[in-house]
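Below: the structure, in C-alpha cells.
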Amino acid sequence: MLFMLVVKASPTSEAGTLPSLELMDAMSKYNKDLIEAGVRVMAKGLYPSSHAIRLLYAEPGKKPVATEGPFANPKETISGFILMDVESREAAIEWAMRMPDPIGHGEGEVELHQVFEGPGEE
C-alpha cells in the first residue's frame, strides 16, 4: 500500500531557511531507517512557493488561470513529501509517528495520505 507523508509549509520553510544541523541529522536517520526497512519509495523537499505556480480551474471546460507564487498562506502549500510502500495503514501511521518535526521551531505539520493506485484498490 502506498502512502504519502505530506509536509506542510510554514513561515520558516517559505523563507527558505534550512533546518538546524540537529534536525538534518534526525531527518537523515529517519530516512535511513525507512530505506533499511525497504519502505521508502521517494523523499524530496520542495522549493518555497515563491518558485511555484498555482493553476485554478474556475470554469469547467476553460483553460486554468495560472498564478505565480509566493502564496499568502504557507499552510496551503507543501514543503516536501515522503512516499512509502507499506503493508498496512497501521504501518504507515507508525512510520509517520516516528518522523521528527520536519520544519523545527514547533512549526511542523504533516498529513498522511493513502495513494490511490487504481481501480478496485483501496
Side-chain angles (χ1 to χ4, degrees):
M1 300 174 82
L2 290 175
F3 283 85
M4 181 175 279
L5 285 166
V6 178
V7 179
K8 305 292 276 191
S10 73
T12 299
S13 67
E14 282 292 284
T17 304
L18 292 177
S20 69
L21 289 177
E22 293 82 14
L23 179 52
M24 289 196 312
D25 286 345
M27 287 302 292
S28 291
K29 182 184 179 329
Y30 178 69
N31 274 287
K32 182 180 175 191
D33 291 347
L34 289 167
I35 291 167
E36 288 177 353
V39 299
R40 192 183 96 166
V41 176
M42 177 184 283
K44 297 290 180 183
L46 302 174
Y47 283 97
S49 71
S50 58
H51 296 265
I53 298 171
R54 181 174 287 161
L55 301 176
L56 177 62
Y57 295 83
E59 296 184 47
K62 303 285 185 179
K63 286 187 177 185
V65 175
T67 305
E68 292 192 30
F71 305 118
N73 185 354
K75 296 295 182 184
E76 293 178 357
T77 64
I78 64 173
S79 64
F81 66 91
I82 297 175
L83 184 62
M84 302 182 294
D85 190 355
V86 294
E87 294 293 321
S88 66
R89 180 176 189 270
E90 292 74 22
I93 293 168
E94 287 177 22
W95 279 109
M97 295 298 291
R98 290 177 58 184
M99 183 180 204
D101 176 347
I103 304 290
H105 313 287
E107 293 181 4
E109 182 178 340
V110 177
E111 293 180 3
L112 179 64
H113 291 263
Q114 186 171 356
V115 177
F116 182 72
E117 297 184 63
E121 296 184 30
E122 294 182 21

What residue among E76, E107, E111, E109 forms salt bridge (charged side-chain N to carboxylate O under 4.0 Å, His left out) with K8?
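Among E76, E107, E111, E109, the one meeting salt bridge (charged side-chain N to carboxylate O under 4.0 Å, His left out) with K8 is E111.
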
Taking everything shown except R54 itself, do over 12 heavy atoms lie less than 6.0 Å from its CZ?
yes

Residue K32 excluded, over 12 heavy atoms near NZ under 6.0 Å
no

Atom of [X], atom of [Y] and distance for their closest heavy-atom approach:
{"X": "I103", "Y": "H105", "answer": "O-CD2, 3.8 Å"}
{"X": "M84", "Y": "V41", "answer": "C-CG2, 4.2 Å"}
{"X": "V86", "Y": "W95", "answer": "CG1-CD1, 4.1 Å"}
{"X": "P74", "Y": "A9", "answer": "O-CB, 3.3 Å"}
{"X": "P102", "Y": "V110", "answer": "CG-CG2, 3.6 Å"}
{"X": "L5", "Y": "L112", "answer": "CD2-CD1, 3.7 Å"}

[X] versus [Y]: any side-chain heavy-atom pair under 4.5 Å?
{"X": "Q114", "Y": "R89", "value": "no"}
{"X": "I82", "Y": "N31", "value": "yes"}
{"X": "K29", "Y": "D25", "value": "no"}

Should [X] and [Y] be regarded as members of a common hydrophobic cluster, given that ILVMFWY residues are connected when their side-chain heavy atoms come within less than 4.5 Å of each other, either directly or indirectly?
{"X": "M99", "Y": "M97", "answer": "yes"}
{"X": "L46", "Y": "V115", "answer": "yes"}
{"X": "L56", "Y": "F71", "answer": "no"}
{"X": "Y30", "Y": "L21", "answer": "no"}
{"X": "Y47", "Y": "F81", "answer": "no"}

Strictly distance-based, threshold 3.5 Å: is any side-chain N or O of D85 a donor or acceptor partner for the main-chain N or O of V39?
no

Which distance, rounded to the nearest 0.5 Å, do you find between the [atom1] of [X] and the [atom2] of [Y]?
{"X": "S50", "Y": "E68", "atom1": "OG", "atom2": "CD", "result": "10.5 Å"}
{"X": "S13", "Y": "L18", "atom1": "OG", "atom2": "CG", "result": "11.0 Å"}
{"X": "I78", "Y": "K44", "atom1": "CD1", "atom2": "NZ", "result": "14.0 Å"}

Any chance the side chains of S49 and E14 put a donor and an acceptor closer than 3.5 Å?
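The criterion, which ignores hydrogens and geometry beyond distance, is satisfied for E14 and S49.
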
